[in-house]
Amino acid sequence: MSNAPKSELEKVFADVASNYQGSDIDLHAVYAKMRKTNPVMEGNFMEQLGVPSIAGVDPNRPCFTLFKYDDVMHVMRDASQFTSGFIAEGLGAFFDGLILTAMDGDQHRNMRNLLQPVFMPDTVNRWKADRIDGVIREEFIKPLVPQKSADLMDFALYFPIRVIYSLIGFPSDQPEKIKQYAAWALAILAGPQVDPAKAQAAKKAAMEAVGALYDAIKLVVAERRAEGGTGDDLISRLIQAEYEGRSLDDHEITTFVRSLLPAAGETTTRTFGTLMTLLLENPELLERVRNDRSLVNKAIDESIRYEPVATFKVRQAAEDTEIRGVKIPKGAMVSCIVSSANRDEDVYENADVFDIDRRPRPSFGFGFGPHMCIGQFVAKTEINCALNTVLDMMPNIRLDPSKPAPEITGAQLRGPHQLHVIWD
Ligand code: HEM
């Protein structure tokens, strides 16, 4: 697959990757220093790295950047004091509808209660065999096995999108359409650009993608509604969902499903790539996991602590407040550096070691508090199935010594860009 001409999806992935790359500095070393010398920094740290951040949506607003575990937890858990509504600013039509991540207060609570059951383990486990494990095993890994070598990032780029489309209930016999939708979803992620020359074109492409995805999803929602919403797919379940007498209309379901595509694809791609890199760099550990599959979920959790894909989260102060003696005025942006909090030495012993045996303790790779990732069980199930399938079907999988070693990079949307492996 890796020698084939780049598809539209692979090209957009490369654009997103370079956009969020940041500089080549050793970020973990910088974060360790910031935790000691300037844990509540006045300013937008990501902007200084040249990485687009929603904290800069209004350049006139003051910004503060947090590096310590306790401070990040304090902000993420208190959604009334540190709000998310600003996320809807500046993105126009994309936010015309049900965008959970940009909701606050009762509106968020009520919506979350309505949607949550659709993403609980009970439901996801029912989807696991056919719509997750079956798809990964039969459509992706089985055809790859005779090749005996691959760039695993090619697989990682496609399987999460294919799985989420299968859960959503898109027709599975139209692979070209699915690739097109995926490229649209990535164009939305590539929308925010620091370079003004690129910004206008990227925003235009993102807005076109937003419109095209809306139309495509709305058609499927209408079909499922006409069938009575009795299916077991995500859209049918959203049609059936109810909380305190409230249910969702077609526009809300369409905009919610559209928001899932950028939320569910890229994040899972990079998390799987990072997990595989960390295991392949440590063959003894990989062997342990191969022989004891109860370690798979521990390895996933630890990789999400050690190298989270979503490296920072931003909130806005609803009132004047103070963190570690630094005054934060009402309206200021507060940028929480998750990659730093997840390695805080005051909380984790040997924080810079990838240790799947460490005592479980919350980290922020899926967020924390009321906005914590609603799809985390879907993501973990997918990654669990993908790792198990790779271990089952690719004997003695190891890094390809004839190719460059993988590197986990990027100041935002972190992960490896290539991951060349061979097997027997
Ligand atoms: C490994 C993969 C994933 C990672 C690392 C990830 C990460 C995150 C994070 C950090 C947040 C918190 C955002 C915030 O606090 O503002 C979040 C929220 C969210 N995620 Fe995920 N996510 C992943 C996969 C998924 C999947 C598979 C889905 C859907 C099936 C999904 C849907 C969502 C939604 C809808 C929200 C908004 C929740 C809310 O605001 O209440 N994510 N995700």
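Keep in mind that the numbers below use all heavy atoms, side chains included, and drop hydrogens, waters and symmetry copies.
Scanning all heavy atoms of the two residues, the minimum distance from Ala299 to Leu275 falls at O-CD1, 3.5 Å. The two residues Gly367 and Met76 make their nearest non-hydrogen contact at CA-CE, 3.8 Å. What you find for Asn44 and Gly56 is that their closest heavy atoms are ND2-N, 3.8 Å. The two residues Pro401 and Ile422 come nearest to each other via the heavy atoms CD-CD1, 3.8 Å. The heavy-atom pair separating Ser53 from Phe312 by the smallest distance is OG-CE1, 3.4 Å. Counting all heavy atoms, side chain and backbone alike, Thr255 lies closest to Ile99 at O-CD1, 3.9 Å.
His251 and Tyr214 have their aromatic ring centers within a separation under 6.0 angstrom. The ring of Phe45 has its center no closer than 6.0 angstrom to the ring center of Phe64.
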Verdict with supporting geometry, Arg35 and Asp346, salt bridge (Lys or Arg N to Asp or Glu O under 4.0 Å): CA-CA 10 Å; Arg35 285 194 298 275; Asp346 289 344; over 6 Å; no
Leu391/Leu286 under side-chain contact (heavy atoms from CB on, under 4.5 Å): CA gap, chis, key distance, verdict: CA-CA 9 Å; Leu391 293 176; Leu286 183 68; 3.9 Å; yes
Residues Arg61, Asp58; criterion salt bridge (Lys or Arg N to Asp or Glu O under 4.0 Å); working and verdict: CA-CA 6 Å; Arg61 269 180 215 153; Asp58 177 349; 3.7 Å; yes
Step-by-step side-chain contact (heavy atoms from CB on, under 4.5 Å) determination, Leu115 to Ile374: CA-CA 9 Å; Leu115 297 166; Ile374 204 172; 3.9 Å; yes
From CA spacing to verdict: salt bridge (Lys or Arg N to Asp or Glu O under 4.0 Å), Lys218, Asp215: CA-CA 5 Å; Lys218 187 91 183 276; Asp215 294 343; over 6 Å; no
Working for side-chain contact (heavy atoms from CB on, under 4.5 Å), residues Glu322 and Ile328: CA-CA 5 Å; Glu322 211 177 282; Ile328 314 260; 6.0 Å; no
Chi angles and distances behind the side-chain contact (heavy atoms from CB on, under 4.5 Å) call for Lys327, Asp320: CA-CA 7 Å; Lys327 289 197 172 6; Asp320 288 348; over 6 Å; no
Derivation of the salt bridge (Lys or Arg N to Asp or Glu O under 4.0 Å) call for Arg414 and Glu307: CA-CA 7 Å; Arg414 197 166 165 82; Glu307 283 291 11; 2.6 Å; yes
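For the pair Glu302 (side chain) and Asp355 (backbone), a donor-acceptor distance under 3.5 Å is present. A side-chain donor-acceptor contact under 3.5 Å links Thr83 to the backbone of Gln316. Between the His420 side chain and the Ser149 main chain, no donor and acceptor come within less than 3.5 Å of each other. At distances below 3.5 Å, at least one donor-acceptor pair connects side-chain atoms of Arg131 with backbone N or O atoms of Ser166. Looking at Asn396, its side chain never comes within 3.5 Å of a backbone N or O of Asp424 through a donor-acceptor pair. Proximity of a side-chain donor or acceptor of Asn350 to a complementary backbone N or O of Val353 within less than 3.5 Å is not detected. Looking only at distances, no side-chain donor or acceptor of Trp127 sits under 3.5 Å from a matching main-chain atom of Leu167. Formation of a donor-acceptor pair under 3.5 Å by the Ser335 side chain with backbone atoms of Thr65 is not found in this model. Of the possible polar contacts, one joining the Asn110 side chain to the Asp106 backbone as a donor-acceptor pair under 3.5 Å is found. The main-chain N or O of Arg288 is never found under 3.5 Å from a side-chain atom of Asp292 such that the two would form a donor-acceptor pair.
A donor atom on one side chain and an acceptor atom on the other are found under 3.5 Å apart for Gln412 and Thr311. Counted by atom type alone, Asn388 and Arg293 present one or more donor-acceptor pairs between their side chains at under 3.5 Å. Looking only at atom types and distance, the side chain of Asp78 has a donor-acceptor partner in the side chain of Ser80 under 3.5 Å away. Judged by distance alone, the side chains of Asn297 and Asn384 do bring a donor and an acceptor atom under 3.5 Å apart.
Taking OG1 from Thr267 and CD from Gln376, the interatomic distance works out to 12.0 Å, rounded to the nearest 0.5 Å. Going from atom CD of Gln81 over to atom CZ of Arg315 covers 13.0 Å, rounded to the nearest 0.5 Å. In this structure, CG in Leu152 is found 8.5 Å from OG1 in Thr277, a value given to the nearest 0.5 Å. Summarising the geometry, atom CE belonging to Met276 is positioned 11.5 Å from atom OG1 belonging to Thr274; distances are rounded to the nearest 0.5 Å. The structure places CD of Glu382 at 6.5 Å from CD1 of Ile164, a figure rounded to the nearest 0.5 Å. If you take CG on Leu234 and CD1 on Ile168, they are separated by 6.0 Å, rounding to the nearest 0.5 Å.
Every residue two or more places apart in sequence or in another chain that forms a side-chain contact (heavy atoms from CB on, under 4.5 Å) with Arg77 is listed here: Met73, Phe368. Listed by chain and residue number, Leu278, Arg343, Phe354 satisfy the side-chain contact (heavy atoms from CB on, under 4.5 Å) test with Tyr306 (two or more places apart in sequence, or in another chain).
In this pair, His74 and Phe82 present their aromatic rings perpendicular. The plane angle is above 60°, beyond the 30 to 60° band. Using a 30° and 60° split on the angle between ring planes, Phe272 and Phe159 fall in the perpendicular class, above 60°.
Ile397 has its side chain within reach of Val390: a pair of non-hydrogen atoms, C-beta onward, lies under 4.5 Å apart. Taking the side chain as every heavy atom from C-beta outward, Met34 and Ser340 never approach each other to under 4.5 Å.
By the 6.0 Å contact criterion, CD on Glu284 is open, its count of non-hydrogen atoms from other residues, nucleotides or ligands being 12 or less. By the neighbour-count criterion of 12 heavy atoms within 6.0 Å, atom CD of Glu242 is densely surrounded, having more than that number from other residues, nucleotides or ligands. Within a 6.0 Å radius of NZ in Lys128, other residues, nucleotides and ligands contribute 12 heavy atoms or fewer. Taking a 6.0 Å sphere around CE of Met372, one finds it holds more than 12 heavy atoms contributed by other residues, nucleotides or ligands. Around atom CD of Glu407, no more than 12 heavy atoms belonging to other residues, nucleotides or ligands sit under 6.0 Å away. More than 12 non-hydrogen atoms from other residues, nucleotides or ligands lie less than 6.0 angstrom from CD of Gln116.
Relative to the six-membered ring of Tyr348, Arg305 meets both conditions, a distance below 6.0 Å and an angle of at most 45° to the axis. For the pair Arg361 and Tyr69, the cation-pi criterion (under 6.0 Å, within 45° of the ring axis) is fulfilled.
Remark: Lys68 engages Asp344 in a salt bridge, criterion side-chain N to carboxylate O under 4.0 Å. Salt-bridge check for Glu287 with Arg398: failed, with every basic side-chain N at 4.0 Å or more from each acidic carboxylate O. With salt bridges taken as basic N to acidic carboxylate O contacts below 4.0 Å, one links Arg324 and Asp71.
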